[in-house]
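Written below as structure tokens is the structure these notes are about.
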Amino acid sequence: MKSKIVLIRHGITTGNVQRLYYGSTDVPLAEKGVEMTRLLKGQDTYPDSPYAEYYTSGMLRTEQTFELIYGEKPHEVIDNFRELDFGDFEMKSYEELNSRAEYRDWCNTCDDGTPPPNGESIRDFRARVLEGFRELLARHELLMLKLRNQGREAMSICVIHGGVICAILNSIWPEKYESNFYRWIPDPGHGYMLAMEDGRIAGYEKF
């Protein structure tokens with residue numbers, strides 16, 4: 001049986017525009033992000049299905065993006081799909097942080113599991129996201145079972161965050177970008193469609 005899981009990164013935010021570290025801060029979409037998401041929707045960029053189930057991280061930027069794409073369709077929140085918490089570095093730019101020793105130390109050791117001050121390590125972030133992905137897969141399996149007798153294809157659609165998408169895809173295909181899992185990150189408003197076959201992830205398509 002075939003089905004699909006769709007992972008969409010939220011649109012451009014005020015944090016993107018100002019080039020800030022932000023993850024746990026609940027920033028809104030920038031006007032540019034609103035305009036671009038509407039444009040992409042008008043170009044039929046986003047997958048959909050009358051049999052889809054929908055999810056967000058619950059953060060403002062994912063909720064705003066979801067509404068621009070899918071309107072007022074009912075959706076669930078998966079809390080573990082929230083973005084990385086940068087702790088004391090939240091809402092600060094590279095220029096603001098580069099002179100701080102604790103920032104330079106974190107840059108040199110973050111891949112080893114060191115968190116930013118009062119923040120979340122990448123190792124813990126990945127573990128949290130993968131717990132959320134297991135929850136999504138369990139829900140997706142229930143949807144497949146519900147639709148199987150109807151001959152319908154299941155689709156689970158998630159409007160989430162760039163880092164979250166990277167963590168998920170890196171866990172599935174770790175050899176592709178082994179040295180830098182952030183190379184999986186899609187542009188704002190874009191994402192990936194994962195093809196499922198017989199309960200396993202068989203491939204992906206970027207959009």
Side-chain angles (χ1 to χ4, degrees), residues 2-79 81-84 86 90-94 129 132-133 136 140 143 152-170 172-173 176-177 180-196 201 203-207:
K2 296 182 179 181
S3 63
K4 293 181 173 66
I5 292 177
V6 179
L7 307 175
I8 301 171
R9 183 184 178 191
H10 60 76
I12 296 169
T13 68
T14 54
N16 295 134
V17 171
Q18 298 173 36
R19 301 180 65 85
L20 304 177
Y21 283 93
Y22 74 100
S24 63
T25 306
D26 213 11
V27 299
L29 294 183
E31 185 56 38
K32 181 179 179 181
V34 172
E35 293 172 358
M36 182 173 291
T37 304
R38 285 175 175 158
L39 176 64
L40 291 170
K41 177 179 170 59
Q43 295 172 344
D44 293 326
T45 299
Y46 300 109
D48 201 2
S49 165
Y51 312 104
E53 289 186 346
Y54 305 91
Y55 303 91
T56 71
S57 72
M59 301 192 79
L60 178 59
R61 53 198 184 266
T62 66
E63 294 292 334
Q64 289 178 320
T65 303
F66 181 89
E67 185 175 353
L68 288 167
I69 300 171
Y70 297 110
E72 297 183 358
K73 290 183 179 180
H75 60 281
E76 300 290 331
V77 169
I78 297 181
D79 287 327
F81 280 167
R82 296 170 73 87
E83 186 59 284
L84 176 71
F86 288 98
E90 284 278 329
M91 300 303 289
K92 294 181 173 61
S93 67
Y94 170 81
V129 169
F133 191 55
L136 175 66
H140 186 75
L143 179 61
R152 311 293 189 186
E153 183 179 81
M155 181 178 287
S156 295
I157 298 174
C158 305
V159 180
I160 46 178
H161 306 268
V164 173
I165 293 172
C166 291
I168 291 170
L169 297 187
N170 186 73
I172 303 168
W173 296 287
K176 185 171 178 66
Y177 298 127
N180 184 0
F181 87 119
Y182 279 112
R183 290 179 65 186
W184 280 109
I185 196 165
D187 290 336
H190 292 264
Y192 295 87
M193 184 160 60
L194 309 184
M196 304 279 293
I201 300 169
Y204 68 88
E205 177 183 342
K206 193 172 183 179
F207 61 86

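The line from SG of Cys166 to CD1 of Ile185 is 4.5 Å long, rounded to the nearest 0.5 Å. Interatomic distance, CZ of Phe133 versus CD1 of Ile165, reported as 11.0 Å (0.5 Å rounding). To the nearest 0.5 Å, the span separating CD1 on Ile5 from CD1 on Ile201 amounts to 5.5 Å. Of the inter-residue distances, the one linking Ile78 atom CD1 with Ser156 atom OG reads 8.5 Å to the nearest 0.5 angstrom. Note that CG of Leu29 is 6.5 Å distant from CG of Leu68, once rounded to the nearest 0.5 Å. Considering CZ of Arg61 and OG1 of Thr65, their distance stands at 9.5 Å, rounded to 0.5 Å.
Qualifying side-chain contact (heavy atoms from CB on, under 4.5 Å) partners for Thr14, counting only residues two or more places apart in sequence or in other chains: Gln18, Val27, Pro28, Ala30. Residues passing the ring-ring contact (aromatic ring centres under 6.0 Å, His included) test with Tyr22, sequence neighbours excluded: none. When the side-chain hydrogen bond (donor to acceptor under 3.5 Å, both in side chains) test is applied to Tyr182, no partner is found at least two apart in sequence or on another chain. For His140, the ring-ring contact (aromatic ring centres under 6.0 Å, His included) criterion is met by no residue, not counting sequence neighbours. Shown here are the ring-ring contact (aromatic ring centres under 6.0 Å, His included) partners of Tyr55, two or more places apart in sequence or in another chain: there are none. For Tyr46, the ring-ring contact (aromatic ring centres under 6.0 Å, His included) criterion is met by no residue, not counting sequence neighbours. With sequence neighbours left out, Glu63 forms a salt bridge (charged side-chain N to carboxylate O under 4.0 Å, His left out) with no residue at all.
Not one N or O on the side chain of Glu83 forms a donor-acceptor pair closer than 3.5 Å with the backbone of His161. Between the Asn170 side chain and the Ala167 main chain, no donor and acceptor come within less than 3.5 Å of each other.
The side-chain heavy atoms of Leu7 and Leu169, taken from C-beta on, include a pair separated by under 4.5 Å. Side-chain atoms of Trp184 and Lys176, non-hydrogen and from C-beta on, do get closer than 4.5 Å to each other. Side-chain contact between Tyr70 and Thr56 is absent, with no heavy-atom pair separated by less than 4.5 Å. At a threshold of 4.5 Å between non-hydrogen side-chain atoms, the residues His10 and Met59 do not count as touching. Between Phe207 and Ile8, the closest side-chain pair of non-hydrogen atoms falls below 4.5 Å.
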_Verdict with reasoning, Cys158 to Leu136, per side chain to side chain contact (heavy atoms under 4.5 Å, CB included)_ = CA-CA 9 Å; Cys158 305; Leu136 175 66; 3.6 Å; yes
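In plain terms, the two heavy atoms of Ala52 and Ile157 that are nearest each other are CB-CD1, 4.0 Å. Nearest heavy atom pair, residue Ala154 against residue Ser3, reads O-CB, 3.3 Å. When all heavy atoms of Met155 and Leu143 are compared, the pair lying nearest together is O-CD2, 3.6 Å. Of all heavy-atom pairs between Pro188 and Gly11, the closest is CB-C, 3.9 Å. Nearest approach of Glu90 to Leu84, heavy atoms of both residues: OE2-O, 3.8 Å.
The local environment of CE in Met36 is sparse, with at most 12 non-hydrogen atoms from other residues, nucleotides or ligands closer than 6.0 Å.
For residues 27-45, there are no side chain to side chain donor-acceptor pair (under 3.5 Å) pairs, not counting sequence neighbours. Residue pairs meeting the salt bridge (Lys or Arg N to Asp or Glu O under 4.0 Å) criterion with at least one member in residues 4-20, sequence neighbours excluded, are Lys4-Glu153. Sorted by first and then second residue, the salt bridge (Lys or Arg N to Asp or Glu O under 4.0 Å) pairs involving residues 67-78 (not counting sequence neighbours) are Asp48-Lys73.
Using a 30° and 60° split on the angle between ring planes, His75 and Phe66 fall in the tilted class, from 30° to 60°.
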